[in-house]
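Below: the structure, in structure tokens.
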Protein chains: 2
Amino acid sequence: MPDKPWRIPKVAVAVDLAVLTVRADQLQILLVERAIAPFRGMLALPGGFIASKEEDLDVAAARELAEETGLDAGQLHLEQMRTYGAPDRDPRGRVLTVCYFAVVPNLPLPTAGGDARAARWTPVDSVLDGDIDMAFDHRTIVADAVERARGKLEYTTLGAAFCATPFTVSELRHVYETVWGHPLDPRNFHRKITGVAGLLVATGERTTRDGGRPAALYRCGPATTMHPPILRGTER
Amino acid sequence: MPDKPWRIPKVAVAVDLAVLTVRADQLQILLVERAIAPFRGMLALPGGFIASKEEDLDVAAARELAEETGLDAGQLHLEQMRTYGAPDRDPRGRVLTVCYFAVVPNLPLPTAGGDARAARWTPVDSVLDGDIDMAFDHRTIVADAVERARGKLEYTTLGAAFCATPFTVSELRHVYETVWGHPLDPRNFHRKITGVAGLLVATGERTTRDGGRPAALYRCGPATTMHPPILRGTER
DNA sequence: TGAATAGTGTCTATTAGACAATATAAG
DNA sequence: CTTATATTGTCTAATAGACACTATTCA
């Protein structure tokens with residue numbers, strides 16, 4: 001069974017983006033309302049087909065994000081998450097979608113464009129609980145993205161990506177509490193998170209924006225992983 | 001920019017497999033010698049193009065594994081690892097490859113077939129150290145697979161997949177030592193691994209195949225993850 | 001002043017890692 | 001008996017989680 005080029009099936013390739021943030025005490029995901037068929041008018045992840053046979057996947061992801069939501073991929077870290085390729089996942093025919101994952105601070109409301117009629121932040125619980133119907137297999141993709149975020153908080157510095165720089169320890173804790181869905185002891189969290197070498201760098205500034213005693217401001221340090229991890233046990 | 005089907009670029013889609021095992025005190029990976037161009041005669045991961053526009057990715061992976069190496073995917077757990085899609089990664093043109101990851105016990109030597117001239121187990125160190133040239137970007141893929149295995153040993157029951165059932169605690173420890181590349185204290189390992197609820201189930205049998213005092217035999221229990229994880233610290 | 005949050009300290013139960021000691025096989 | 005491996009136990013330092021207490025702002 002040699003590789004005969006004229007026999008190799010060719011399929012359409014898309015990229016989709018699962019962009020998460022914490023807004024209004026909720027883990028939210030960036031969704032668009034589809035302006036075109038199929039699933040016209042339904043909510044979907046931003047994304048679309050690669051622009052040409054030569055376009056790199058990472059480039060396509062950044063382009064679609066900018067086109068449909070106005071977000072600049074230069075300001076965030078896109079990482080490949082997983083590829084979804086069930087033969088019947090798109091009614092137009094075989095479409096493989098390579099899904100990307102990103103986390104951003106609480107940003108201004110996105111602006112729709114391209115194939116998207118509207119772009120908005122949506123609580124992931126609305127999606128996972130089935131309150132919102134989603135196009136294609138995007139509900140599954142959202143679930144995978146949420147689980148990835150929850151897991152990566154444990155052993156990476158992903159949490160800081162949810163915060164605008166500079167941030168306070170309690171702002172970072174609020175991210176953990178929101179993503180994991182349960183409260184953490186502020187004192188133990190402070191001790192643990194500031195004890196990880198290279199994770200946080202104090203700017204020397206302080207802020208009272210969270211109320212109460214002024215809190216020290218930090219920016220991200222060089223560390224990207226935590227050993228040992230902060231496990232999401234059932235603290236409290 | 002509406003979705004005009006006649007403008008959507010179509011690309012070739014392949015699946016590749018990174019199948020790991022522990023043999024002769026080394027972490028080894030299943031490679032094939034390519035029988036066809038490009039990279040004819042060079043070593044590569046088993047894999048190939050999807051057979052039709054309708055073939056599911058998981059099915060394609062199992063089929064290619066059976067065709068090229070004679071292994072039955074029904075006997076192992078294939079999980080999707082990552083998709084590689086750099087525009088220039090295949091000299092024939094744009095080819096997207098969805099890579100799968102699996103771990104197997106020390107199996108009989110594989111039998112080549114399909115587009116593979118030969119199939120054999122190869123120490124991953126030979127690949128990672130550059131002693132072996134590999135086709136396409138497969139050296140990168142091997143590195144990613146090894147890192148995935150090392151990481152998943154910490155918090156999942158993947159290690160047991162390296163062992164033929166039933167197995168002893170010291171056989172399982174040997175897997176950890178080989179994959180991580182450093183020795184572990186047999187007594188502490190025994191205490192930790194048997195202390196994880198649902199991980200190991202004693203068969204009641206014993207064996208002396210490892211020499212010395214007879215060791216209890218175990219099979220896998222229902223647990224798939226470990227909390228807390230066994231961290232690959234610099235023990236010893 | 002009180003309310004709110006920041007940050008430090010302290011205590012206890014648990015765990016990791018080092019390693020002693022005993023158990024049971026083969027030769 | 002010697003050697004090899006299995007398994008249990010013990011000790012100590014580090015850590016996690018609970019929570020008291022002090023510090024510093026604003027209203």
Side-chain angles (χ1 to χ4, degrees), chain A residues 25 153-155 159 163 166-178 180-197 199-219 225-236, chain B residues 25 153-155 159-160 163 166-178 180 182-197 199-219 225-236:
Chain A
D25 294 346
L153 281 195
E154 292 189 329
Y155 62 97
C163 300
F167 52 87
T168 68
V169 169
S170 78
E171 286 160 2
L172 182 57
R173 174 170 48 82
H174 184 244
V175 166
Y176 275 79
E177 292 177 328
T178 304
W180 283 347
H182 62 80
L184 299 171
D185 185 287
R187 301 156 292 187
N188 291 336
F189 182 84
H190 189 284
R191 189 162 30 83
K192 277 196 280 193
I193 209 77
T194 56
V196 179
L199 174 53
L200 298 181
V201 178
T203 65
E205 308 285 312
R206 300 190 156 260
T207 182
T208 58
R209 66 190 178 209
D210 301 323
R213 172 177 169 179
L217 285 165
Y218 296 88
R219 62 183 65 253
T225 59
M226 292 189 281
H227 274 282
I230 300 183
L231 296 179
R232 54 191 203 279
T234 54
E235 194 184 341
R236 288 281 182 98
Chain B
D25 293 347
L153 280 195
E154 292 188 328
Y155 62 96
C163 299
F167 52 87
T168 68
V169 169
S170 78
E171 286 160 2
L172 182 56
R173 173 170 48 82
H174 185 245
V175 166
Y176 276 79
E177 293 176 329
T178 305
W180 283 347
H182 62 80
L184 297 170
D185 185 288
R187 299 158 293 185
N188 292 336
F189 182 84
H190 189 284
R191 189 162 30 83
K192 278 197 279 193
I193 210 76
T194 56
V196 179
L199 174 53
L200 298 182
V201 177
T203 66
E205 308 286 313
R206 302 192 153 259
T207 183
T208 59
R209 66 190 179 208
D210 301 323
R213 171 177 168 181
L217 286 165
Y218 296 87
R219 60 182 68 253
T225 60
M226 291 189 280
H227 274 280
I230 301 182
L231 296 179
R232 55 192 204 278
T234 54
E235 194 186 343
R236 288 283 182 96

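Below, read A as the first sequence line, B as the second, and so on, with proteins coming before strands; counting in each chain starts at 1. In what follows, every heavy atom counts, from backbone to side chain, and hydrogens, waters and symmetry copies are set aside.
Put simply, B:His190 has no side-chain N or O that comes within less than 4.0 Å of OP1 or OP2 on D:dA6.
Atoms CG (A:Leu184) and P (D:dA16) sit 13 Å apart, rounded to a whole Å. Protein atom NE2 of A:His174 is 17 Å distant from nucleotide atom C1' of C:dA6, rounded to whole Å. If you take CD of B:Glu177 and P of D:dT5, they are 12 Å apart, rounded to a whole angstrom. Between B:Asn188 atom CG and D:dA14 atom P there is a gap of 16 Å when expressed in whole angstrom units. Per the geometry, NE2 belonging to A:His227 stands 12 Å off P belonging to C:dG17, to the nearest Å. One atom, CD of B:Glu205, and another, C1' of D:dA6, lie 17 Å apart when rounded to the nearest Å. Taking atom CZ of residue B:Phe189 and atom P of nucleotide D:dT8, one finds them 15 Å apart after rounding to whole Å. Between the CZ atom of A:Arg191 and the C1' atom of D:dT15 there is a distance of 9 Å, given to the nearest Å.
Position along DNA chain C of the nearest nucleotide to A:Thr194 versus B:Pro229 favours A:Thr194 as the more 5'-ward residue. Sequence order on DNA chain D of the closest nucleotides to A:Ile230 and B:Arg206 puts B:Arg206 first from the 5' end.
As judged by a 4.0 angstrom heavy-atom cut-off over every strand, B:Arg173 is placed among residues touching the sugar-phosphate backbone only. Contact annotation for B:Arg209: no contact, since no heavy-atom pair falls under 4.0 Å across all strands. A:Ser170 comes within contact range of the sugar-phosphate backbone alone, with a heavy-atom separation under 4.0 Å but no base atom that close.
In the region residues 210-219 of chain B, proximity to DNA chain C at under 4.0 angstrom, judged on heavy atoms, holds for B:Gly212, B:Arg213, B:Pro214.
One distance of note links OG1 of B:Thr203 with CG of B:Leu217; it measures 4.5 Å at 0.5 Å rounding. Atom-to-atom distance recorded for B:Trp180:CH2 and B:Leu231:CG is 7.5 Å, nearest 0.5 angstrom. Taking NZ from B:Lys192 and CG from B:Asp185, the interatomic distance works out to 9.0 Å, rounded to the nearest 0.5 Å. The CD atom of B:Glu177 sits 9.5 Å away from atom CG of B:Asp25, with the distance rounded to the nearest 0.5 Å. With rounding to the nearest 0.5 angstrom, the CG atom of A:Leu200 is 6.0 Å from the CD1 atom of A:Ile193.
In summary, the aromatic rings of A:Tyr176 and A:Phe189 are positioned with their centroids under 6.0 Å apart.
Taking every side-chain heavy atom of B:Arg187 into account, C:dA20 is the closest of C:dA20, C:dA6, D:dA6.
In this structure, the side chains of B:Leu153 and B:Arg232 stay at 4.5 Å or more apart for every pair of heavy atoms.
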